Number of protein chains: 4
Amino acid sequence: MAENPRRQPQQERSRQTVERIITAAARVLEREGDRAATTNRIAAEAGVSPGSLYQYFADRDDLLLAVTERVVTEFEARVVPALRAAAREDVVTGIVTVVGATLDAMEERAPLLRALTARVPGDRQEELLRALRARVTDFVYASTARNRPELSPVELERVTWMLVELAQTLPLRYVLDRPPIPRDEFVRDAVRLLATHAIEAGPRADDGAQA
Amino acid sequence: MAENPRRQPQQERSRQTVERIITAAARVLEREGDRAATTNRIAAEAGVSPGSLYQYFADRDDLLLAVTERVVTEFEARVVPALRAAAREDVVTGIVTVVGATLDAMEERAPLLRALTARVPGDRQEELLRALRARVTDFVYASTARNRPELSPVELERVTWMLVELAQTLPLRYVLDRPPIPRDEFVRDAVRLLATHAIEAGPRADDGAQA
Amino acid sequence: MAENPRRQPQQERSRQTVERIITAAARVLEREGDRAATTNRIAAEAGVSPGSLYQYFADRDDLLLAVTERVVTEFEARVVPALRAAAREDVVTGIVTVVGATLDAMEERAPLLRALTARVPGDRQEELLRALRARVTDFVYASTARNRPELSPVELERVTWMLVELAQTLPLRYVLDRPPIPRDEFVRDAVRLLATHAIEAGPRADDGAQA
Amino acid sequence: MAENPRRQPQQERSRQTVERIITAAARVLEREGDRAATTNRIAAEAGVSPGSLYQYFADRDDLLLAVTERVVTEFEARVVPALRAAAREDVVTGIVTVVGATLDAMEERAPLLRALTARVPGDRQEELLRALRARVTDFVYASTARNRPELSPVELERVTWMLVELAQTLPLRYVLDRPPIPRDEFVRDAVRLLATHAIEAGPRADDGAQA
DNA sequence: TATGAATGAGGATTCATTCAT
DNA sequence: CATGAATGAATCCTCATTCAT
């Protein structure tokens with residue numbers, strides 16, 4: 001039955017159409033949410049016919065997946081270089097670099113992120129985000145391993161999870177919540193939290209906190 | 001269109017019916033997600049007719065709102081007492097109390113929370129969650145004000161935002177992510193982060209981190 | 001997703017609705033053919049909403065299957081008694097009975113039969129018709145076995161196939177073609193063909209024809 | 001709407017394209033049935049663009065008509081010579097010739113025939129098949145008239161109808177049903193039926209059968 | 001109040017057909 | 001002539017909601 005598993009556009013014109021559709025989907029999603037983003041609505045927003053949409057996307061989910069891919073790609077394009085740069089900097093400076101880049105990447109896409117965050121788990125979108133997170137985790141793991149040679153693999157795993165969590169979630173919450181806090185002060189707080197954790201977390205540090 | 005604004009159930013049997021419907025909605029939501037939670041499906045799960053559902057809820061959104069209310073109420077029932085207790089404890093102990101209670105409350109409801117997280121901003125569910133957050137914020141603000149008399153109101157606001165953020169988001173992420181980290185180790189890390197921030201964050205502390 | 005595998009109507013009203021839908025589908029099919037028999041068209045013809053149709057039928061194919069079932073049932077109701085009567089009559093009289101009954105049953109349903117004949121093979125409709133045919137075949141096989149004890153099983157099979165074929169196809173073609181031949185003359189010809197085959201077909205008869 | 005009434009291909013290359021399209025349509029029809037035989041699918045199968053298809057066929061029906069034409073032509077190419085030969089042979093031999101040729105012609109095209117059989121009456125495909133049948137009928141009528149000079153025109157009409165019916169339908173049913181009967185035995189039975197009818201059917205013969 | 005049948009607007013998707021290149 | 005992207009009316013089907021009993 002379904003035989004159009006996302007056709008490869010071969011002409012320049014169709015590449016533009018794909019582009020327009022994805023952009024339109026992102027716009028509708030961020031403006032009006034998942035429920036309002038019907039295929040007809042998206043097609044209208046893109047200025048194409050409903051049929052065109054199905055030339056390039058197998059179904060609605062496939063289109064939404066493409067939007068996620070787009071966001072993930074953009075995000076990677078900003079954060080991965082920052083992670084690379086951070087690897088050559090000292091811990092605190094590196095964290096500043098990464099948090100700053102993350103925040104930049106998210107600020108552009110805040111409303112869309114909200115819409116995409118709101119999707120059910122288990123689908124391929126989750127996989128994409130999981131892959132992105134895995135990539136970031138690898139970087140952070142490597143850095144932490146270098147800075148904290150005394151930590152066992154299990155402890156490294158734990159410290160890394162929390163660092164990635166903080167580095168992703170705090171900026172996300174900041175752009176979604178829009179608290180009345182200046183950007184640079186938020187960054188300072190976030191960096192301090194991450195730095196403290198990166199430097200001190202672990203078996204000994206725990207004892208200290210308990211005392 | 002929607003007109004009957006959630007009739008107050010006055011007899012015992014009605015109250016049970018409302019109960020059954022909300023529970024059924026929660027079950028379907030957490031098992032199969034927002035999209036699959038149709039009103040007919042929920043009614044069937046509750047063992048009532050679709051018509052009956054509309055005796056007690058103005059429309060689908062109203063029912064989902066009731067589910068959120070239920071979750072928020074349960075959450076409050078656990079966290080507010082913890083916040084009260086924390087107010088009489090020292091900072092670190094208080095944080096342990098609150099983080100523990102938050103984690104407990106969330107662990108019971110993890111899949112449902114995932115489903116409810118998926119809400120567009122501006123609707124009434126957001127308001128409910130916002131209200132809950134406001135309440136938690138008030139407690140934290142008061143405690144922080146007491147412990148850190150040197151902070152200005154603006155600084156207090158900032159520190160409080162981050163504390164609430166950490167206290168809510170870290171447990172939520174922990175239950176949704178299910179990372180391979182033992183609960184007590186996660187709690188220790190989270191508490192350390194919160195405690196550090198509660199005690200040290202502020203104008204001077206920032207300078208320290210920058211140096 | 002699909003969860004309504006043809007719901008059992010529980011009230012009198014719904015039984016009537018099902019009835020009306022099947023009848024309407026049959027009417028549209030016989031008047032305008034498979035392609036024109038859209039679900040909305042059928043619903044309109046039945047005087048119900050499109051949604052109602054899906055209360056009782058899983059999808060369009062399921063409805064068309066129900067129409068076939070209906071036709072097959074009506075057909076059986078006429079032909080099986082005739083086959084039973086024929087079993088107690090002599091060969092020629094029995095054939096007259098069966099051909100007559102078959103012709104009666106088909107004449108009522110001629111245009112509908114044309115529409116249903118025109119469906120793709122392999123689906124469940126084919127199975128229904130196959131089952132009906134199997135039933136008729138069993139009767140004919142039994143009669144032939146009694147009348148022609150000299151035939152081997154393989155020969156019986158062959159003679160039976162042809163008899164069933166003639167008994168079904170000739171009346172069908174007669175009602176679909178509407179040739180300018182009076183009914184009783186057609187019946188006489190058909191009966192003669194069947195009788196000749198029933199009585200003479202077989203090893204010896206073949207030799208005769210070859211000579 | 002439909003306007004270009006099947007352009008005459010004038011160059012060799014065009015003729016080949018038309019050829020490829022018709023063949024592709026036939027292949028898709030016989031493999032996957034009417035419903036799956038979309039114009040795009042057929043164009044893809046033929047290795048041409050959807051647009052090209054409309055260079056040579058006014059619309060989908062026109063293409064399907066061309067497929068029918070092709071089948072009818074092929075059929076005629078086999079059966080008409082057989083009918084001509086049969087006219088110079090004695091009755092039984094002639095019937096053998098015709099039934100054999102009919103069976104050959106149908107065996108090659110069985111699945112396609114099934115797909116094409118599924119046509120609503122009144123369309124142009126019906127006309128084509130009717131024309132073919134008329135042609136066959138003329139031959140049979142002439143032969144019968146010669147062999148049975150005692151029959152009145154009305155009786156001739158009746159006998160002819162049945163003979164044509166048997167000569168067409170029995171082979172068709174045989175190739176579509178694929179009963180476990182060897183071809184030559186089926187042919188022998190069919191020929192016997194036809195021969196008996198050709199020789200004996202008529203006013204007197206009826207009396208005989210009735211007695 | 002409860003029921004469940006009925007509703008119908010609206011959504012996803014298809015496909016015959018057109019048209020710019 | 002050929003291409004293949006684009007079209008959009010039409011189709012199947014869903015589901016929140018209503019209403020007669």
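Worth saying up front: this structure is predicted, and the values here are computed from it rather than measured. So you know, we letter chains A, B, ... as the sequences are listed, proteins then strands, and number each from 1.
Computed from coordinates, the D/D61 CG to E/dA16 C1' distance equals 11 Å when rounded to whole Å. Atom CG in C/D59 sits roughly 16 Å away from atom C1' in E/dT14 (whole-Å rounding). When the C1' atom of E/dG10 is taken as reference, atom CZ of A/R35 falls 13 Å away, rounded to whole Å. We find that CG of B/L53 is positioned 15 Å from P of F/dC15, with the value rounded to whole Å. Here E/dA5 presents its C1' atom at 17 Å from CD of C/E19, a figure rounded to the nearest Å. F/dT11 atom P lies 20 Å from atom CZ of C/F57, rounded to whole Å. In this entry the distance linking CG of A/L64 with C1' of E/dG11 reads 14 Å, nearest Å. Taking atom CZ on D/R60 and atom P on E/dT17, their separation rounds to 9 Å, with Å as the unit.
Note on C/T39: every side-chain N or O is 4.0 Å or more away from OP1 and OP2 of F/dT11. For B/S49, a side-chain nitrogen or oxygen approaches OP1 or OP2 of E/dT3 to under 4.0 Å. Within the 4.0 Å cut-off from OP1 or OP2 of E/dT7, at least one side-chain nitrogen or oxygen of C/S52 is found. Between A/T38 and E/dG11 there is no side-chain N or O to OP1 or OP2 distance below 4.0 Å. OP1 or OP2 of F/dA6 has at least one side-chain nitrogen or oxygen of A/Y56 nearer than 4.0 Å. Dashed line: the shortest gap from a side-chain N or O of C/Y54 to OP1 or OP2 of F/dT14 is not under 4.0 Å.
Checked for salt-bridge contact, B/E69 and B/R124 miss the test: no charged N lies under 4.0 Å from a carboxylate O. Looking at B/D61 and A/R35, no side-chain N of the basic residue comes within less than 4.0 Å of a carboxylate O on the acidic one, giving no salt bridge.
Distance CG/A/D34 to CG/A/L64: 6.0 Å, rounded to 0.5 Å. To the nearest 0.5 Å, the span separating CZ on B/F57 from OG1 on B/T39 amounts to 12.0 Å. The CD atom of D/E126 sits 10.0 Å away from the OG1 atom of D/T68 when rounded to the nearest 0.5 Å.
Closest to the side chain of C/S14, from the set E/dT7, E/dA5, F/dT17, is E/dA5.
Summary of the strand contacts: A/P50 and D/P50 both lie near DNA chain F, and taking for each the nucleotide with the nearest heavy atom, the more 5' one is attributed to D/P50. With DNA chain E read from its 5' end, the first of the two nearest nucleotides for A/R41 and B/G51 is the one closest to B/G51. Residue-to-nucleotide proximity on DNA chain E shows that, of C/T17 and A/N40, the 5′-proximal contact is made by C/T17. Closest-nucleotide positions on DNA chain F for C/A37 and D/G47 were compared, and the one nearer the 5' end corresponds to D/G47.
Judged by distance alone, with hydrogens and angles left aside, the side-chain atoms of A/R60 form a donor-acceptor pair with the main-chain N or O of A/A37 at under 3.5 Å.
At a cut-off of 3.5 angstrom, the base of E/dA5 holds no donor-acceptor pair with the side chain of C/Q55.
A donor and an acceptor atom, one from each side chain of B/S14 and B/T17, are nowhere located under 3.5 Å apart.
Consecutive Watson-Crick or G-U pairs involving DNA chain F, each under 3.5 Å on both distances, make up stems of three or more pairs at E:2-21 with F:2-21.
For residues 37-55 of chain C, every residue pair satisfying the salt bridge (charged side-chain N to carboxylate O under 4.0 Å, His left out) rule, not counting sequence neighbours, is listed here: C/R27-C/E45, C/R31-C/E45, C/E32-C/R41, C/R41-C/E45.
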